[in-house]
There are 4 protein chains.
Amino acid sequence: MRVFAEHGTDVPVIDDFIRAAGIARGTFYTYFRTTAELLAATSRDLEDRLMVGIEAALADHTDPLQRLATGVRLWLRRAREDQVLCAFVVRSQLRGRLVEDILTRDLRAGHRQGSFRTPGIGVARDLVVGTIREAMARMMTGPVSRHYPDQVAAVILQGLGVESRMIRRLMAMPVPAMPSVLEAQAPVHRPR
Amino acid sequence: MRVFAEHGTDVPVIDDFIRAAGIARGTFYTYFRTTAELLAATSRDLEDRLMVGIEAALADHTDPLQRLATGVRLWLRRAREDQVLCAFVVRSQLRGRLVEDILTRDLRAGHRQGSFRTPGIGVARDLVVGTIREAMARMMTGPVSRHYPDQVAAVILQGLGVESRMIRRLMAMPVPAMPSVLEAQAPVHRPR
Amino acid sequence: MRVFAEHGTDVPVIDDFIRAAGIARGTFYTYFRTTAELLAATSRDLEDRLMVGIEAALADHTDPLQRLATGVRLWLRRAREDQVLCAFVVRSQLRGRLVEDILTRDLRAGHRQGSFRTPGIGVARDLVVGTIREAMARMMTGPVSRHYPDQVAAVILQGLGVESRMIRRLMAMPVPAMPSVLEAQAPVHRPR
Amino acid sequence: MRVFAEHGTDVPVIDDFIRAAGIARGTFYTYFRTTAELLAATSRDLEDRLMVGIEAALADHTDPLQRLATGVRLWLRRAREDQVLCAFVVRSQLRGRLVEDILTRDLRAGHRQGSFRTPGIGVARDLVVGTIREAMARMMTGPVSRHYPDQVAAVILQGLGVESRMIRRLMAMPVPAMPSVLEAQAPVHRPR
DNA sequence: TATGAATGAGGCTTCATTCAT
DNA sequence: TATGAATGAAGCCTCATTCAT
């Protein structure tokens, strides 16, 4: 993830990975055929870790509005602490399946119960995903205010049609802790 | 632009351009030193055409809210008609200076006069840029409803804190025509 | 043998053998240092089986003309039943010592007693070996008539100067059975 | 041709060719994608030169027996003077279309008019091709007697059923000169 | 004696860049 | 100013070989 993130416009080459991993050229090919394949595996791994962690933290919440508000705040706070994560997500055009599924489900539920008011689910999703991505692009290039994550979450909710008073109340709530232990639980990659 | 747009993850190579342009290898170097230089020139050209066109259409408007609403609608309508444009912008991470300057100016002005209510200009800008970019990513991959551009514009305005009634009024207004003649006026690139 | 035979122009690699044999990479090196060494062992093994079998079938014959006629017929009949054998011999440029020795001895003896009339032993050997090889190349690529082996044997004898009447008589003789048991007796390869 | 011929068991690598040709690595790929492609082109070129030369020398002859006898003698004499040619043909398993076509035509015609007596055209062809190839394999490894080419031609004709007296008469005839100028007329290879 | 992950030398291929015409 | 063959640096990939288990 770090190698992918650190490389700017130019695509990282296999040499970068083997140097970072401290392995031999040939060893790379025992596990991946191309860097694209490695990118896919890394994305999947990242999504697994991050989204599973957030889901665990949201275990108690059932209200879609609260779930979404808390989920976005958790994601952005986590992102703010990790420029590498931001760079990776921004560069890799990550659109994890798990992210899409959970987000869409909550948007739909919130729409049904009248928490969100947008011209459709798709548009709502584009607002959420696009704004978060742009926020990560900003956090990737430099430090931001401690309040930035919640400010972004607030405009997102505002864009979804949530009332100002409710937004203020949601932002006043404490965010649950993300089980950091999950960070270590990297799924083992099976050699090809 | 088409060559840049059509290339997915992998960066296009000089060969792609000379084949598309029907010129000889050496001729490329009469005009550009690298593909990065060509990309910069293409971006600048695109920005010139698009933003100058929108500015021209907004000539009459002075109210920042109206300017922003109309500008976003024009941009998205134009984008909807041109998948290549969308792909190019999404892929090239284009952040034109002109776009940033005009957008920031209008956001600031609108904020000052109370039209927008967000926790800051930066957050507002991230919402606008991120959502538009995501919308273009969607339009890049397939056709969308005729109403999609205005729906996206509506949630953006909602995210900026504009009242629903006002949004409806703005969306009901006709968009001015973009001087299509500009499309043809590709600024001539001077050989280096 | 099958792996060597199936590979066309390109040389087979160790991976091909371990896959075919169902053994691990490292196990190969317990028995052979290189694929060339394996090829040599395979050739020797093949020669042992084939030539020893033919010699056994020729045990009763002492007349060099009859020995040669019968030996060639046996070889070609055996080859006709086994495309893999043909491919292996054609591809490996096999020139077994045993084959050369026995063939040369019979040609010389037949020459001395006036059965063969050629400008020399070497030329005779080239005719026999070259034609048999070419016949195997033909049988390697597809099925041939049941009579093909004997037809090839006939032109070879004709090339050696044997009279037509004698050729007909030789071809009318039944070929002795090759002790098929030998087929199974693969000499055990001693680990290095 | 020289590079292909000089390499023994091991396949020549692109480096061998660029060194022999005195060109840069990349230049190779302007003309050929693989060494196999180069081999094919070289074979075609060789066949063109050699067979066209022999055909020119046979221009006066119409009798299939005389054509075949002279053609084989010319081929073998030419081969005797050029170990590189021999090595190349033996190694490349060359079976040029032109060779096959002309040979088959003459064998068929000779068969029809009773000059050849073999159990079939295919068998006759295998005898001719196989024996010539084996002769070239011999000439490839070392020098042979001045008479060797004609001796080989003689056993081939004998194998085709030509009478001894006739063979002697044919071998006594002088061989026509092969237009050596053709050697220089290498067909130009078009870049891919 | 079998295993198979790790190794790195050797060969392959692309592609930006030059330059004589 | 256009052309396109030639160039060679840079990165890719295979595969023979080792070695700890």
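Lettering of chains follows the sequences in order, A, B, ..., and the numbering in each one begins at 1.
Legend: residues meeting salt bridge (charged side-chain N to carboxylate O under 4.0 Å, His left out) with B:Arg2, ordered by chain and number and at least two apart, are absent. The side-chain hydrogen bond (donor to acceptor under 3.5 Å, both in side chains) check on B:Glu100 picks up B:Arg125, with sequence neighbours excluded. Annotation: side chain to side chain contact (heavy atoms under 4.5 Å, CB included) contacts of C:Thr27 (sequence neighbours excluded): C:Ile23, C:Ala24, C:Tyr31.
For C:Ile23, whose side chain is taken as the heavy atoms from C-beta onward, the closest listed nucleotide among F:dA6, E:dC12, E:dT3 is E:dT3. Here the nucleotide nearest the side chain of B:Ala24, chosen from E:dA16, F:dG4, E:dG4, is F:dG4. Of the listed nucleotides (E:dA2, F:dA16, E:dA6), E:dA6 has the atom at the smallest distance from the side chain of A:Thr30.
Side-chain atoms of D:Arg33 and base atoms of E:dT13 include no donor and acceptor less than 3.5 Å apart. In terms of polar N and O atoms assigned as donor or acceptor, the side chain of C:Arg25 comes within less than 3.5 Å of the base of F:dT17 in a complementary pairing.
The residue among D:Val13 and B:Val13 whose nearest nucleotide of DNA chain E lies closer to the 5′ end is D:Val13. With DNA chain E read from its 5' end, the first of the two nearest nucleotides for A:Thr27 and D:Pro12 is the one closest to A:Thr27.
Contact check on A:Arg44 versus A:Asp48 returns no salt bridge, with no Lys/Arg side-chain nitrogen under 4.0 Å from an Asp/Glu carboxylate oxygen.
In DNA chain E, the stems built from three or more successive Watson-Crick or G-U pairs (distances below 3.5 Å) are E:2-21 with F:2-21.
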Below 3.5 Å, can you tabulate the donor-acceptor pairs from side chains in residues 11-20 of chain D to any protein atom, sequence neighbours excluded?
unit_1: D:Asp15; atom_1: OD1; unit_2: D:Arg25; atom_2: NH1; d: 2.4
unit_1: D:Asp15; atom_1: OD2; unit_2: D:Arg19; atom_2: NH2; d: 3.2
unit_1: D:Asp16; atom_1: OD2; unit_2: D:His7; atom_2: NE2; d: 3.0
unit_1: D:Asp16; atom_1: OD2; unit_2: D:Val13; atom_2: N; d: 2.8

Can you name the atoms? Protein N/O to nucleotides 19-21 of chain E N/O, anything below 3.5 Å, with the distance.
none

